[in-house]
Amino acid sequence: MGHTATAQAGSGGLTATEHRLANGLRVVLSEDHLTPVAAVCLWYDVGSRHEVKGRTGLAHLFEHLMFQGSEQVKGNGHFELVQGAGGSLNGTTSFERTNYFETMPTHQLELALWLEADRMGSLLSSLDDEGMENQRDVVKNERRQRYDNVPYGTAFERLTALSYPEGHPYHHTPIGSMADLDAATLDDARQFFRTYYAPNNAVLSVVGDIDPEQTLAWVEKYFGSIPGHDGKQAPRDGSLPDIIGEQLREEIHEEVPARALMAAYRLPQDGTREADAADLALTVLGGGESSRLHNRLVRRDRTAVAAGFGLLRLAGAPSLGWLDVKTSGGVEVPQIEAAVDEELARFAAEGPTGEEMERAQAQLEREWLDRLGTVAGRADELCRYAVLFGDPQLALTAVQRVLDVTADEVRAVAEARLRPDNRAVLVYEPITSDDEDAADETTDEHEGADQ
């Protein structure tokens, strides 16, 4: 089933049609004949929020397993076929979804659809211990390289754990823990696939230089025979009070280039007008070199080398306002923190100026249009709104919703949420390798004495 593509008000003339196969797969098509390319995007409604304690990291591990080979495409064949056809591809995992995508020359669209259908329908038959161990090692190395062994690499993980209480579905990040990655079994992976990698738990979008009738025929041909699965449990409730009620704080002594102040503020859930207002507030405060915090800390006071404030939008739990300030020279964190709180209090009292409001809306509008302006970006946004909010058409009018927010609404959300008792804070204090060596020597002496 589907409906006629009619441009909505505020959509910039962009259109999309929706269809559903008998097995439950939702299909969204958007024609764009500007360039001879087509984007295929497949979102599965599964992310780290669906995981249980002791089995974190399975969603991300499975993202890698999906490139390990399927019934008709062995080993690294998925990459080889797409890249050999002049396309690009990848996959990502978040708290709320796992996605896979290809951008292809128009005449290679059928290949991308066949590849995605083949692994959705047949990955289970090719999943074995060798592939599991191979990708387990890849994910563990990714964790080492991107999290454990880089400066500030565990900040996101730490702040997430502080911001969401133990037992909350967003308490852990998609990368998972080393212990849980080691504990995952082949049976765990197989059960995970059966539960979540079913057509009725997915949205497929195809955007670009396409013939909708032919595209739907290919989708039906390759995906239509894949059976649905009804065993999925709804994710655990992610709701929390609007305000944390206290400042949660952790100080970290590591070998980092500079002292840092990082904080996460609990903000409204994505999909609400209040979330758009919060996005505008953080853009005024920390979105680039024209922002208040950059002007205050980097340009005027010269106490920081970088200062940013951005919104991590989340649909199933409170979003997070992400503050990141790296100090300059010997500046202490309390000096930075006092300046930040002063700027936030002033903004909460006065709100944005007319010029700031216009600039922030233009900045967010440009970012949205940049995403919608590419076939891959639009395919991703159509999937996002279909999976998280039930309506892909919302992607085409998101820009207008940001432009409709008023300065009073921006000030109100700042006053209500950007408070010291509504944040989790990380303070990084640098140590040198000499400090570590001295600490190790001291530890060795104590251990020797104890023996």
Side-chain angles (χ1 to χ4, degrees), residues 152 155 159 163 242-244 247 249 258-268 273-313 318-329 331-368 370 399 402-428:
Y152 317 108
L159 270 182
S163 301
D242 288 350
I243 302 297
I244 296 173
Q247 182 174 205
R249 200 173 188 91
R259 292 188 178 96
L261 171 69
M262 300 185 190
Y265 291 77
R266 188 177 290 178
L267 293 174
R273 191 176 175 97
E274 292 78 13
D276 290 335
D279 207 351
L280 286 164
L282 301 193
T283 302
V284 172
L285 287 163
E289 295 185 1
S290 63
S291 67
R292 289 195 182 193
L293 291 177
H294 184 90
N295 280 323
R296 169 72 186 271
L297 300 173
V298 180
R299 286 183 176 169
R300 196 192 89 180
D301 296 353
R302 298 186 178 180
T303 53
V305 295
F309 208 176
L311 182 64
L312 173 63
R313 289 176 175 262
S319 300
L320 291 182
W322 198 269
L323 175 73
D324 187 349
V325 182
K326 305 295 193 308
T327 67
S328 61
V331 175
E332 301 280 345
V333 167
Q335 182 180 350
I336 293 285
E337 195 166 3
V340 168
D341 285 342
E342 184 180 314
E343 290 299 322
L344 296 189
R346 183 162 68 90
F347 188 79
E350 301 171 1
T353 66
E355 182 183 347
E356 285 176 327
M357 191 70 180
E358 185 177 346
R359 187 166 59 236
Q361 286 178 316
Q363 185 172 330
L364 292 185
E365 181 181 22
R366 186 185 69 248
E367 291 171 4
W368 273 108
D370 283 347
V399 172
V402 170
L403 298 180
D404 287 342
V405 175
T406 67
D408 284 342
E409 290 174 297
V410 173
R411 188 206 60 76
V413 77
E415 181 183 35
R417 301 295 193 104
L418 300 182
R419 304 163 19 179
D421 67 344
N422 189 37
R423 69 186 177 200
V425 176
L426 290 186
V427 174
Y428 276 88

side-chain hydrogen bond (donor to acceptor under 3.5 Å, both in side chains) involving Arg292 - partner list, sequence neighbours excluded: Glu356
Neighbour count >12 (heavy atoms, 6.0 Å) for atom CD, Glu350: yes
Partners meeting side-chain hydrogen bond (donor to acceptor under 3.5 Å, both in side chains) with Gln363 (sequence neighbours left out): none
For Ala307, side chain to side chain contact (heavy atoms under 4.5 Å, CB included) partners two or more places apart: Leu293, Leu297, Val298, Val325
Donor-acceptor contact below 3.5 Å, side chain Arg266 vs main chain Ser163: yes
Pairwise ring pair (Phe, Tyr, Trp, His ring centres under 6.0 Å) hits with a residue in residues 286-313, at least two apart: Tyr265-Phe309
Listed partners of Arg273 passing salt bridge (Lys or Arg N to Asp or Glu O under 4.0 Å), at least two apart: Glu409
Summary of salt bridge (Lys or Arg N to Asp or Glu O under 4.0 Å) pairs that have at least one residue in residues 419-428, sequence neighbours excluded: Glu337-Arg423, Asp341-Arg423, Arg419-Asp421
Pairs involving residues 318-328, ordered by first then second residue, that meet salt bridge (Lys or Arg N to Asp or Glu O under 4.0 Å) (sequence neighbours left out): Asp324-Lys326
Qualifying residues under salt bridge (Lys or Arg N to Asp or Glu O under 4.0 Å), relative to Arg299, sequence neighbours excluded: none
Validation row: Val425, Leu323 side chains within 4.5 angstrom (heavy atoms): no
Under the side-chain hydrogen bond (donor to acceptor under 3.5 Å, both in side chains) test, residues paired with Glu343 that sit two or more places apart: Arg296, Arg346
For Glu415, all residues meeting salt bridge (Lys or Arg N to Asp or Glu O under 4.0 Å), sequence neighbours excluded: Arg411
Test salt bridge (Lys or Arg N to Asp or Glu O under 4.0 Å) applied to Glu289 - qualifying residues, sequence neighbours left out: none
Contacts of Ser328 that satisfy side-chain hydrogen bond (donor to acceptor under 3.5 Å, both in side chains) - sequence neighbours left out: none
